[in-house]
Every structure is written in structure tokens, then in C-alpha cells.
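Since the structure is predicted, the reported quantities are computational estimates derived from the model, not experimental observations. Chain identifiers are assigned alphabetically (A, B, ...) following the order of the sequence lines, protein sequences preceding nucleic acid strands; residue numbering begins at 1 within each chain.
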Amino acid sequence: MKIASWNVNSLNVRLPHLEQWLRDAQPDVVGIQETKLEDARFPDTALAALGYRTVFAGQKTYNGVALLARDRALDDVQIGIPGFEDEQKRVIAATIDGVRVINLYVVNGQDVGTDKYAYKLRWLAAVHDWVQRELAAHPKLVVLGDFNIAPDDRDVHDPAVWNDGHILTSTAERDALRGLLGLGLHDAFRLHHDDAGVFSWWDYRQAGFRRDLGLRIDLTLVSDALRDQAVASGIDREPRTWERPSDHAPAWVTLSD
DNA sequence: ATGGTCGCTACGCGA
């Protein structure tokens, strides 16, 4: 089962890219972030034509998440973090073929020390507690999404800039991610690759992609129980080369049967 | 340090 995460930065604009990439990459499960669509406008019919069932939680203008599953049911759908009041649609989870999949659009946080940064840390703490409970109930767990955190210096193009005081790489953010991993999760990409300089996001500004000024912030985490089944992983740079692209590339992991 | 580019929406906000 190939499971992927992609921040599409407006599904309205990026639907043709998503359709093309689904045909190319043939994922079985996809977590989408930043759909920026109200549910009434979600393109479930277009995705069904490619064989994908969908569940989604959207809002106008900002945020919005979805899960796609090819020829498989999406059961026990959960929208939002249980017990955490949040108007922003950033979380959707479902069980697919006995694997619990949690799709996260983690708060960006703007800048260290801002209100949005405090919200990011509160939000991550709520995710931590919820994932702990989910792991107890579902040992076969995948947590994927746009984490808006680069795990370590290998995951940034310039560690001098992206340092312990910078948003997306600050100590508190990385500690929160480490805490999540400490529950019994593994960054699937790092099970198969230890090289630096493989990125999933490049700023639209300053020709970030052309100059490869990127970060790896789109992650697929697999639980201890799935670790041995995670046989391959990667990031598909190609959609980032297409015309009018998302600023993120898809990240994926393949689980053996 | 600032501003650069997108998407949404209609101007500034969020990323």
C-alpha cells in the first residue's frame, strides 16, 4: 500500500496536477492539505472517476484537508483533534485496510514568539496527546502531512538561516516533533535515506525551487508495528516542475502487504 | 533586516 502526503495549496487550482500525479504515481492512499475549499465544492466526482473514494473537511480560503483511498473504504472518519476546539480545518483521520491514517496540516506559526507560534505549540501538544491515544487503539498507525517542521539540519538548505530560533526549525517545534516520534513513530523517509538536501517545499519567492532553496517539512510517520513493512519512501519533485505548481511536492511511503 | 510570490478575494492576510 503506497501512502502519500501532498500540500496542494488550493485544490481548485491544483486539481489537474493532482489528477496527473495520481495517474503517474498510483498511490493507494493520499492525505491532501490546503484544499482551501468548502465541502460543497470538493471535487469528489472527479476523483471518483480515477478510482478514489474521498473524505474531506474544508473551509473557505484557508486550510482544508482530505483523505483519498483507491478501491478501499475509509472507516471511522475523525475530523479535528478530539477535545481540542479549533475552527481551522487541519485534521482528518480514517482507517483504511486496518491502518489508521491521520492527515495533519500543522499550523505554520508565522514567526517564533507570535500568537500563531503559541497556537502552533498548543496545537502540537494536543496532537501529541491524541496520537498517544490513537496508537494504543491502533498499533498500525500512519501520521502524515505538512508538518511545517524540518526535523534536522539535513532537511534544510541553509542551517545557518534555518536555526534554533527560526520558524519551522526552532527548538520548541523540533522538540514537539521529537516528542511525537518518541511515542513510537518513525520518519519513514529516514528509514531509507540519510542524505541531506532532499526537500519537499520550496518558497515561491526568490526562485526558491530553481535554486533548490528548500526544506523537508512534508512527512510520513509510521508506527513501530508498521516499521518493518515500510519498504520504500521518497519525495516526488516532478510536480513542482510543472506549470503553476504547488509550492510543496508529494512525500510517500510504501507498506508491504 | 527586508522583501520577494502565490492563492483567495477584492485588499490585506496567510504562507
Once you round it to whole Å, what is the distance between [atom2] of [N] and [atom1] of [X]?
| X | N | atom1 | atom2 | value |
| --- | --- | --- | --- | --- |
| Tyr62(A) | dC13(B) | OH | P | 9 Å |
| Asp146(A) | dG7(B) | CG | C1' | 15 Å |
| Asn63(A) | dG7(B) | CG | C1' | 13 Å |
| Arg211(A) | dT5(B) | CZ | C1' | 13 Å |
| Asn9(A) | dC8(B) | CG | P | 7 Å |
| Lys60(A) | dC13(B) | NZ | C1' | 15 Å |
| Asn7(A) | dG7(B) | CG | P | 12 Å |
| Arg240(A) | dC6(B) | CZ | C1' | 10 Å |

Hey, does the side chain of [X] come within less than 4.0 Å of [N]'s phosphate (OP1/OP2), counting only N and O?
| X | N | value |
| --- | --- | --- |
| Thr61(A) | dG14(B) | no |
| Arg244(A) | dG7(B) | yes |
| Arg14(A) | dG7(B) | yes |

Are any of the side-chain nitrogens in [X] or [Y] under 4.0 Å away from the carboxylate oxygens of its partner?
| X | Y | result |
| --- | --- | --- |
| Arg72(A) | Asp28(A) | yes |
| Arg227(A) | Asp224(A) | no |
| Asp212(A) | Arg237(A) | yes |

*Go through dC6(B), dG3(B), dA15(B) for me and flag the one nearest to the Asn108(A) side chain.*
dA15(B)
_Gap in Å between the two P atoms, one belonging to dA10(B) and one to dG14(B), rounded_ = 15 Å
*For Asp247(A) and Lys36(A), take the nucleotide of DNA chain B holding the closest heavy atom to each; which residue's nucleotide lies nearer the 5' end?*
Lys36(A)
*Using heavy atoms to find the nearest nucleotide of DNA chain B for Ala207(A) and Arg41(A) separately, return the residue whose nucleotide is more 5′.*
Ala207(A)
*asked:* Tell me which one of Asn63(A), Asn103(A), Asn9(A) satisfies side-chain hydrogen bond (donor to acceptor under 3.5 Å, both in side chains) with Gln33(A).
replied: Asn103(A)
*Only one of Ile217(A), Leu180(A), Asp218(A) forms a side chain to side chain contact (heavy atoms under 4.5 Å, CB included) with Phe147(A), so which one is it?*
Leu180(A)
